[in-house]
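Beneath this line is the structure, given in structure tokens, with notes to follow.
Naming: A, B, ... by sequence-line order, numbering from 1 per chain. Worth knowing before you read on, the calculation uses all heavy atoms, side chains too, and leaves out hydrogens, waters and symmetry mates. Note that the coordinates shown come from a computational prediction; the quantities given were computed from them, not determined experimentally.
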There are 2 protein chains.
Amino acid sequence: MPQQSKKAKASKAKLQSAPFRRTRSDHSTELVEDYLELIADLIDVKGEARGTDVALRLGVANATVVKMLKRLQDKGFITQEPYRAVMLTTEGWEIAEKGRRRHAVVENFLLAIGVSSETARIDSEGIEHHVSEETLRMMARFTNRKS
Amino acid sequence: MPQQSKKAKASKAKLQSAPFRRTRSDHSTELVEDYLELIADLIDVKGEARGTDVALRLGVANATVVKMLKRLQDKGFITQEPYRAVMLTTEGWEIAEKGRRRHAVVENFLLAIGVSSETARIDSEGIEHHVSEETLRMMARFTNRKS
DNA sequence: GTTAAAATTTAGCCAAGGCTAAATTGAATT
DNA sequence: AATTCAATTTAGCCTTGGCTAAATTTTAAC
Ligand SMILES: [Mn+2]
Ligand SMILES: [Mn+2]
Ligand SMILES: [Mn+2]
Ligand SMILES: [Mn+2]
């Protein structure tokens, strides 16, 4: 006789695998968030976002960006005409803004615990996508205490 | 005449794209680290690591694990015979140990800033791969101060 | 020691994200 | 306005990391 039933084992496995499931889920939305945030920044700073600028800033080939922008258009986050700059839809702006806030909280928090600005800029780019609402609140609280 | 030379533009782009390059690089090593760390844990706790246990804990299909284990074997991180449990090579153990330490620092740090244990367990699984040595040092320092 | 059941592997499919090289389109120059 | 050059897109390739269904092997029951 087994020490645990079939069902008990399955539910335990579900619990134990939760961190990995969340990480995979985070990664599936990460690139979309980074694209939209970056496009928003380009629009704010330069007045427009061209595919080439996006490619340059991400450090990938133009062709890679073209393909991804098609996906973003299919999902309804941007609008674009061939050979023209990209626009964000309302939904695109919302995701970009949410990403910016979260990104800023993480970056400022890293600065607050004593990380250099260069490192904070780099590390926060990856960390931001794996931070839950709860952790984000704790980070914001800590940063405010320290300032 | 342009405001910046071609070369100046290229080097600026390289600097600006550094965070995204780092994130992509982190992601390319992430899964290997998680597999090895998990296999090490299974060996320590259960005495052996079977492919099925790995699949259960990661929350993916058996076939997915079989394929990845072949890659880990090709890279020299594990040894395995068909239908048998997996062993870590010396190099495999080294990577696993390094991952464990880093993972523990991140998780304990999240606890130290007030995050609940469940959330710390989940968030740290993704965050650990994006934390530089510098940030890791600052996290460890903070945790020690608080304990 | 056969046989039935369970565990494991194989085969083959798919989507996401990368790349380079070639074709196309838009912008500038004269 | 024609031509040239730069910017952009298209075409086609690759690797990674998922999946399901079918085949195989091991383990357990009898
Ligand atoms: Mn990011
Ligand atoms: Mn880990
Ligand atoms: Mn991890
Ligand atoms: Mn990540």
Item checked: Atom-to-atom span, CD of B:E30 to P of D:dG17 - whole angstrom -> 9 Å
Notebook entry, point to check: Where do A:L111 and A:S117 come nearest, in terms of heavy atoms and distance?
Noted result: CD2-CA, 3.7 Å
Note to self: Ring-plane angle category for A:H130 and B:H130, please: parallel below 30°, perpendicular beyond 60°, tilted otherwise.
What the structure shows: parallel
Check: Given atom CG of A:N62 and atom P of C:dT24, what is their separation to the nearest angstrom?
Finding: 18 Å
Check: Taking OP1 and OP2 of C:dT10, is either one under 4.0 Å from a side-chain nitrogen or oxygen of B:K70?
Finding: yes
Next item on the list: Identify whether any heavy atom of A:V60 sits under 4.0 Å from a base atom; if not, whether one sits that close to sugar-phosphate; answer base, sugar-phosphate or nothing.
Entry: sugar-phosphate
Next item on the list: Among the candidates D:dT10, D:dG18, C:dT9, find the nucleotide nearest to the side-chain atoms of A:A63.
Entry: D:dT10
Check: What is the distance, rounded to the nearest whole Å, between atom CG of B:L69 and atom P of D:dG17?
Finding: 13 Å
Check: Going by distance alone, is a donor N or O of one side chain under 3.5 Å from an acceptor N or O of the other, for B:T135 and A:D123?
Finding: yes
Notebook entry, point to check: What integer distance in Å separates A:D26:CG from D:dG17:P?
Noted result: 16 Å
Notebook entry, point to check: With a 4.0 Å cut-off on heavy atoms, is A:R71 in touch with a base, just the backbone sugar-phosphate, or nothing at all?
Noted result: base
Item checked: From D:dG18, C:dG18, D:dC19, nucleotide with atom closest to B:L31 side chain -> D:dG18
Note to self: Between B:E37 and B:R100, does any NZ, NE, NH1 or NH2 come within less than 4.0 Å of an OD or OE carboxylate oxygen?
What the structure shows: no
Next item on the list: Let me know the distance between NE2 of B:H27 and C1' of C:dG17, rounded to the nearest Å.
Entry: 13 Å
Next item on the list: Describe the nucleic acid contact of A:T52 in one word from base, sugar-phosphate, nothing, applying a heavy-atom distance below 4.0 Å.
Entry: sugar-phosphate
Check: For B:E81 and A:K75, take the nucleotide of DNA chain C holding the closest heavy atom to each; which residue's nucleotide lies nearer the 5' end?
Finding: B:E81
Note to self: Does this structure show an ion pair linking B:E118 with B:R121, if we count only N-O contacts that are shorter than 4.0 Å?
What the structure shows: yes
Notebook entry, point to check: What are the two closest heavy atoms between A:E134 and B:S116, and how far apart are they?
Noted result: OE2-N, 2.7 Å
Give each protein N/O atom lying under 3.5 Å from an N/O atom of nucleotides 25-28 of chain D, with the pair distance.
from: D:dT25; atom 1: O4'; to: B:Y83; atom 2: OH; distance (Å): 3.0

Note to self: Rounded to whole Å, how long is the line connecting atom CG of A:D34 with atom P of C:dA16?
What the structure shows: 17 Å
Margin query: Let's see if you can work this out: which of C:dT10, D:dT9, C:dG17 has an atom nearest to the side-chain heavy atoms of B:V66?
Written below: C:dT10
Next item on the list: Starting from the 5' end of DNA chain D, give me the residue, A:R24 or A:D53, whose nearest nucleotide shows up first.
Entry: A:D53
In residues 59-85 of chain A, what donor-acceptor pairs under 3.5 Å come from side-chain atoms, sequence neighbours left out?
from: A:Q73; atom 1: OE1; to: A:Q80; atom 2: NE2; distance (Å): 3.4
from: A:Q73; atom 1: NE2; to: A:Q80; atom 2: O; distance (Å): 3.4

Next item on the list: Let me know the distance between NZ of A:K67 and P of D:dT10, rounded to the nearest Å.
Entry: 12 Å
